[in-house]
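The structure under discussion appears below in the form of structure tokens.
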Amino acid sequence: MIKNFIKNAGWPRIIIGLFLLALFITAPFVGVNVFTSFNNTIVRFGMNGVMVLAMIPMVQAGCGLNFGLPLGIIAGLLGATLSIELNTEILAKLAELGIRYKISWLTREFLTAYREPAGFASAILIAIPIAAVLGWLYGKLLNRVKGDEMMIATYVGFSSVSFMCIAWLLLPYKHPTMVWGYAGRGLRTTISVEGYWLHILNDWLSLNFQDKIEIGGKILDVNLSIPTGMLIFFAVMAFIVWIFMRTKTGTAMTAVGSNPEFARASGVNVDKMRTISVMMSTILGAIGIIVYEQSFGFIQLYMGPFYMALPAVASILLGGASVNKATILNVVVGTFLFQGILTMTPTVFNSVFQTDMSEVIRLIVSNGMILYALTRKVRA
Amino acid sequence: MVRKFFDIIANNAVPAVFILISAFAIPLSGFSASYLVQELLTRIGRNSFLILSLLIPIMAGMGLNFGMVLGAMAGQIGLLFICDWGIVGIPGMVLACLIGTPIAIILGIFCGHILNRAKGREMVTSYILGFFINGVYQMTVLYLMGWIIPITNPNLLLSRGYGVRNAVSLSGIRAVLDNLIPTVITNPEGAKQFLNVNGAGSFFLIQLPFFDGTIRIPLATFIIIALFCVFIVWFRKTKLGQDMRAIGQSQSVADSAGIPVNRTRIIAIVISTVLACYGQIIYLQNMGTLNTYNSHDQAGMFSIAALLIGGASVSKASITNVFVGVILFHLMFIVAPMAGKNLIGEAQIGEYFRVFVSYGIIAIALVLHAWKRNREREAARRSLRGGNGGKA
Amino acid sequence: MSANNNAPLLQLEHIGKEYYGNRVLSDISFSIEAGEILGLVGENGAGKSTLLNILFGMPVIASTGGYEGNLYLDGKPVHFTSPNQALSAGLGMVHQEFSLIPGFTATENILLNREVLNGSLMSYVFSDRVSTLDRDAMRHRAEAAINTLGVHISPDMTVSEMPVGYKQFIEIAREIDRKNTRLLFLDEPTAVLTEQEAEILLIALKKLSKQGIAIVFISHRLSEVKELCSRILVLRDGTLVTDVPAKTLTTREMASLVVGRESSKKEEAVEVEIPEQPVEEENINETLGTTTLSKKKKKKKPALKVEHLWVDMPGETVRDVSFEVQKGEIFGIGGLSGHGKLGIPNGIMGLYPAGGKVKLFGKKLTLNKPRAALSRKMAFVSEDRRGVGLLLDEPLDWNITFTAMQTQGRFLFGIPYIFQMRNELAMAKETKKFIESLSIKCTGPSQKAGELSGGNQQKVCLAKAFVLRPDILLICEPTRGIDIGAKALVLDTLKEYNRENGTTIIITSSELEELRSVCDRVAIVDDGEIVGILPASRPAEEFGMLMMGEKMRVALEYTE
Amino acid sequence: MFVAFLKFLMRWFQRLIVLAALIALGVWLFYIGREHQIFLDNKTSGNFKALEQINVSVNGGEISELMQRERDVKKVVGPKFEIRAEIFDEDGEIVSTISKEIKICFSKDIMINLPTLAAGEENFIVPAPK
């Protein structure tokens with residue numbers, strides 16, 4: 001029974017799970033507010049969940065771990081910045097339409113009331129086609145380099161990020177909150193989304209508790225704010241992925257990942273399936289970064305997306321995925337464990353050792369996890 | 001015939017493109033020739049050794065050794081110790097190498113074992129391994145040094161009493177190798193000036209009447225690099241080198257011939273790691289400061305990019321590639337920001353451009369390699385057909 | 001060197017071997033004298049490779065429980081546990097697949113891992129591996145080895161630039177360069193050679209044997225064996241059936257020995273039954289053709305017509321193949337492995353690059369597209385079960401229904417082309433049906449295919465094909481690697497399926513007896529071409545002759 | 001068999017020697033390459049009163065002039081160094097000149113009490129200040 005559980009869960013997961021549990025248990029004794037930490041973990045789970053979800057299609061289609069996630073992130077950043085840039089214009093146009101065609105509800109008041117959700121939605125809507133095009137090209141490329149996808153994905157990600165560094169400087173953005181004040185052009189390194197769609201998902205239907213409870217003679221502030229909206233959004237995205245993997249195309253994709261020769265002999269166009277998976281992954285990456293930004297509060301440009309693939313890759317592997325098999329459960333478990341460690345280690349270690357080892361622990365855990373997955377014997 | 005021509009172009013496309021870029025960018029940057037030559041010579045001395053350390057794993061068919069950062073880290077640990085002990089000059093450098101070597105060997109063996117478990121995925125694995133060991137390195141340097149590992153020099157330690165500072169001055173060994181045999185090239189006019197300023201010290205003064213400006217040559221470093229090239233040439237001729245070439249071409253054939261494949265691959269990685277350790281020490285003696293937490297990161301990326309720009313591929317690299325690469329890559333590195341500034345009025349663009357080029361070139365090289373390999377695999381399958389198949 | 005001059009060079013005594021209860025070799029005894037050339041012939045699967053594995057101490061033998069009997073070298077008992085031991089004891093082996101490094105020169109390949117080294121101080125401190133190579137000495141040794149063979153190949157030539165024949169010589173040169181090599185095993189050395197090259201090789205081998213090197217020559221080309229060897233050993237079904245001087249056998253006798261079934265009365269009784277089958281089946285098919293299948297179909301139009309097909313399948317190249325298969329027929333394709341029989345169905349199904357003309361019920365079939373073949377109601381069971389035939393990591397219902405789902409849109413619900421999800425209930429139901437009817441031993445439709453035994457996996461592959469409700473079923477090696485009980489069941493299933501549904505079946509198999517027992521007609525492929533199509537009722541030795549490269553196209557008359 | 005073992009032993013023995021040689025090299029490098037700070041202290045120590053003025057140069061380098069209660073620091077590399085000092089009286093006349101070779105060996109920094117040195121006593125080396 002236990003043996004079976006260990007076999008199913010895998011040693012690394014159990015060790016890290018126990019480590020996280022130990023952190024949660026020690027936390028109250030060293031004066032860390034468990035509730036706040038837990039709340040942070042949940043928030044970060046919601047922030048990163050969709051990006052981890054983006055790993056599924058490519059892993060399932062046998063393209064390996066998407067180290068090229070920054071490409072999707074770039075599409076998301078373009079969507080986000082364009083939505084801010086065009087926000088006022090689009091709304092003005094819509095109001096004009098409302099007046100012209102006498103659509104009673106499409107009024108200025110309505111638009112002001114829904115400015116933020118509309119901005120968020122437009123960011124995603126702009127990002128998706130960009131991600132689709134980039135993903136298509138990226139998929140075509142990966143089809144030509146079968147067997148070396150991961151390394152090439154890494155460097156495609158890196159070079160696209162550094163290419164975009166140049167583009168961010170040159171693209172004709174005008175919006176005053178986004179461009180450098182002194183030059184009047186070139187986007188800033190971080191752009192606040194406050195006033196656009198800050199915390200739009202976090203705050204939607206969020207559950208807030210405020211209380212003081214007494215544990216062991218200590219009064220503890222319980223200040224919880226569960227980002228229900230963001231969790232629902234993640235759940236919806238996960239559900240879409242789940243449904244997709246159950247469609248005819250999704251089934252074919254899984255078969256391609258499981259055994260491309262079998263799929264080919266069954267009349268499936270292997271390259272097409274792989275391209276679709278890469279496009280999906282890129283689109284999910286784009287949506288993922290927008291979700292991340294609305295919670296984080298800033299759009300990070302330039303070298304910001306550089307190392308963003310590694311935590312996502314590590315998360316899904318931590319959740320029990322292998323280089324060629326991944327499920328939604330892997331995403332949920334992995335993201336929770338990974339973000340849990342990320343939130344808990346700095347607070348607990350800070351209290352115990354008076355030093356912040358979280359960065360080092362993150363490096364060792366996440367890369368150790370990826371190494372473990374890469375060196376695991378895969379079916380020949 | 002046409003195909004052959006096409007192949008020659010294709011095989012040297014990367015260096016050719018860089019020569020073109022440089023041809024445009026050099027005039028745009030407005031740098032003087034002597035400045036460029038001086039910078040280039042410095043950078044050749046600084047970087048060549050690191051890049052050369054990549055050659056041996058390529059020979060053994062293990063691809064670009066992204067794990068060379070492990071060696072760089074070992075070298076940095078050696079440097080930290082000599083800084084703490086206050087060992088300066090050439091003895092300091094040699095001692096740093098001596099300390100770094102066993103660490104590099106251990107890391108190399110570890111890396112080799114990991115890579116043997118991930119055959120066919122060496123590059124991505126060694127790349128992630130670099131990150132992983134970076135974590136361990138940071139833990140060692142940031143928490144253990146000054147706590148468990150005795151480091152006492154307050155100039156090295158953070159104010160909290162343990163952990164090494166972000167920037168460590170290597171004043172004790174700064175440029176000691178470069179200036180061991182001080183050599184200067186100048187014209188007679190410059191020579192006069194130079195002697196006026198520096199006095200008639202023990203300089204090698206090479207006077208070239210047509211030369212404009214005054215440049216210093218890190219002669220001793222060049223001699224070390226030359227010795228290293230001789231080492232590589234010799235190594236290729238040894239049995240071990242021959243075995244590595246055999247493994248690089250076909251592991252299964254080498255194995256059936258009784259060559260210990262896994263062991264040889266580990267040896268290749270160990271040699272590379274140790275050499276990268278020395279390379280990093282040479283690099284840092286030129287720089288004079290050690291960025292404790294990111295010097296090694298850049299060492300790996302820039303070395304690999306430079307090698308690829310020199311026309312090397314994932315499976316084939318020569319000493320010529322190293323030097324062509326180091327010249328072209330650093331030429332671009334020097335001129336790009338200035339050219340960017342003069343062209344668009346934004347130096348930042350040039351900065352980003354060279355970063356983009358470094359990553360882009362690695363991406364392109366990897367793509368070309370995978371593409372070519374897949375095509376060759378296809379061709380090999382077709383050749384198995386034999387006879388007149390396909391014509392009927 | 002040898003302690004006992006009277007003892008034979010190598011002697012085998014009662015050698016036997018079982019793999020997992022499956023007997024592959026039993027009671028092999030023979031001996032080889034120095035300088036003797038021995039011919040070893042036998043069908044695929046007769047036990048030749050197992051015998052070689054035992055002799056060379058391959059780890060696979062030890063890991064599967066060792067072997068029975070004793071080996072003697074120079075009269076002293078030996079037991080090799082690694083190939084290197086065998087090599088250092090003086091045994092040499094030239095494999096069928098080249099074991100050469102393409103980018104190396106002839107010299108480097110011949111002396112691979114036996115390079116001549118310059119001594120140096122470094123080698124003393126570290127190991128010999130840091131000594132430099134003595135290229136001149138190496139070149140001389142390579143030249144000497146090549147010259148022994150009587151061919152002219154520059155020792156500096158790169159292997160990748162050599163014609164195939166040269167590579168073979170380099171392989172042999174490598175073995176004879178080993179100073180102590182006294183016994184050389186050659187596995188089908190002439191298979192890749194042109195006739196002239198083969199002749200040169202035979203001369204070279206004779207020369208070698210004069211120098212005292214014993215040779216074991218394994219080949220399917222019986223005439224060569226007869227020409228070269230002094231003695232011939234025939235291996236069949238793991239036993240040594242003949243050990244006689246070469247002169248005493250005709251090639252025809254050899255062929256019949258190889259395929260077995262000497263014209264003994266008992267075996268003929270089996271054969272008698274077979275000729276009756278086609279007649280019966282044809283009658284059944286006639287009725288089926290008119291009643292159940294109401295599609296207008298011109299009589300006499302074959303179900304499958306193949307003209308000048310070539311297929312580029314590695315190791316199974318098809319050069320130029322033409323044949324017709326009648327509707328409702330069970331058609332067999334036999335031949336030795338590596339000669340292209342597997343390439344034919346794989347090529348027709350579009351799995352490997354192919355060309356030529358294939359007509360299905362009179363209509364042209366698009367080649368090189370598996371989907372085209374599948375949508376024309378053809379089904380395929382691959383010989384490579386684990387590689388192509390199955391999704392090992394997925395459950396049985398996926399394996400069985402996937403192809404039907406993708407090509408025929410079954411087991412789905414939703415709106416076609418827009419949104420279709422898989423109908424897991426229907427999948428499980430269909431799968432259960434097949435689990436029952438084929439008695440697949442498993443825990444249920446959700447068990448992973450990789451967890452089943454070989455025989456059950458094969459049944460899953462069959463089920464996958466049956467689900468497609470094919471008009472034509474192409475099956476490769478239906479019984480490879482499965483146990484006897486499952487073998488019979490698989491073959492019976494096929495026959496039954498053919499009888500019940502009138503499906504045209506094309507079976508490709510290395511086991512001639514199997515083909516003869518199931519098929520109406522059997523085509524024999526040799527060197528990428530069909531050398532004859534015979535009714536299954538013809539005596540086995542005729543098939544044997546065809547298979548052994550005796551290209552008697554006389555048999556072609558039977559096809560009409 | 002025995003010969004092979006002997007060879008094996010021999011090889012490891014030799015490797016040990018090489019290892020020992022490398023360690024010795026390391027120690028030697030440490031010895032010759034170490035940089036030391038030499039504190040020159042012109043302060044009263046015990047019976048020896050601070051000197052009016054003393055000009056000190058280390059290894060023939062720059063001369064530093066030390067008045068009463070002054071202190072200076074010099075850097076030297078290696079296990080020994082040469083110190084040359086000129087001692088002045090109140091009138092600025094050279095009273096005496098001292099030239100001495102001092103060994104530091106493995107210790108890191110040392111301080112030299114110049115009055116003691118000037119008096120020709122032996123115990124002029126005192127621990128370096130923190």
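Chain letters run A, B, ... following the sequence lines, proteins first and then strands; every chain starts at 1.
- Heavy-atom minimum distance, B:Met123 versus A:Met151: C-SD, 3.4 Å.
- No more than 12 heavy atoms of other residues, nucleotides or ligands shown are found within 6.0 angstrom of CH2 on B:Trp147.
- With values rounded to the nearest 0.5 angstrom, B:Ile362 atom CD1 is found 4.0 Å from A:Tyr155 atom OH.
- For the atom pair B:Ile128 CD1 and A:Met150 CE, the distance stands at 9.5 Å (nearest 0.5 Å).
- In this structure, the side chains of A:Phe67 and B:Val124 come closer than 4.5 Å at one or more pairs of heavy atoms.
- A:Leu142 does not touch chain B: none of its heavy atoms, backbone or side chain, sits under 4.5 Å away.
- Of the atoms belonging to B:Tyr293, not a single heavy atom falls under 4.5 Å from chain A.
- Residue B:Phe66 touches chain A through its side chain alone, counting heavy-atom pairs closer than 4.5 Å.
- Environment of NZ in B:Lys119: crowded, with over 12 heavy atoms of neighbouring residues, nucleotides or ligands closer than 6.0 Å.
- Sparse packing is recorded around NZ of A:Lys272, with 12 or fewer heavy atoms of other residues, nucleotides or ligands lying under 6.0 Å away.
- Put simply, the side chain of A:Leu363 does not reach to within 4.5 Å of the side chain of B:Phe132, judged on heavy atoms.
- Taking CG of B:Leu129 as the start and OG1 of A:Thr375 as the end, the distance is 10.0 Å to the nearest 0.5 Å.
- Put simply, CG on A:Asn367 and OH on B:Tyr127 are 9.0 Å apart, with the number rounded to the nearest 0.5 Å.
- Only the side chain of A:Met303 comes within contact range of chain B, with heavy atoms under 4.5 Å apart.
- Contact check for A:Met164 versus B:Phe356: no side-chain heavy atoms found under the 4.5 Å cut-off.
- The minimum heavy-atom distance linking B:Val367 with A:Val145 is given by the pair O-CG1, 3.8 Å.
- Within the 4.5 angstrom heavy-atom criterion, atoms from both the backbone and the side chain of A:Leu371 approach chain B.
- A:Tyr307 places a side-chain heavy atom less than 4.5 Å from the side chain of B:Phe131.
- In this structure, chain B has a heavy atom under 4.5 Å from the side chain of A:Leu141, while its backbone stays farther away.
- Within the 6.0 Å centre-distance limit, the rings of A:Phe306 and B:Tyr359 are counted as a close aromatic pair.
- Neither the backbone nor the side chain of A:Tyr372 has a heavy atom closer than 4.5 Å to any heavy atom of chain B.
- Between A:Ser159 and B:Ala363 the shortest heavy-atom distance is OG-CB, 3.9 Å.
- Contact check on B:Arg121 versus A:Asp148 returns no salt bridge, with no Lys/Arg side-chain nitrogen under 4.0 Å from an Asp/Glu carboxylate oxygen.
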For A:Lys146 and B:Asn374, what are the C-alpha separation, side-chain angles and deciding distance, and is it a side chain to side chain contact (heavy atoms under 4.5 Å, CB included)?
CA-CA 8 Å; A:Lys146 281 177 196 151; B:Asn374 287 355; 4.1 Å; yes
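- Proximity of B:Phe353 to A:Phe163: side-chain heavy atoms (C-beta onward) are nowhere separated by under 4.5 Å.
- Between B:Gly135 and A:Val360, the closest heavy-atom pair is O-CG1, 3.5 Å.
- If you take CD1 on A:Ile361 and CE on B:Met139, they are separated by 7.5 Å, rounding to the nearest 0.5 Å.
- Put simply, CD1 on A:Ile152 and CH2 on B:Trp371 are 10.5 Å apart, with the number rounded to the nearest 0.5 Å.
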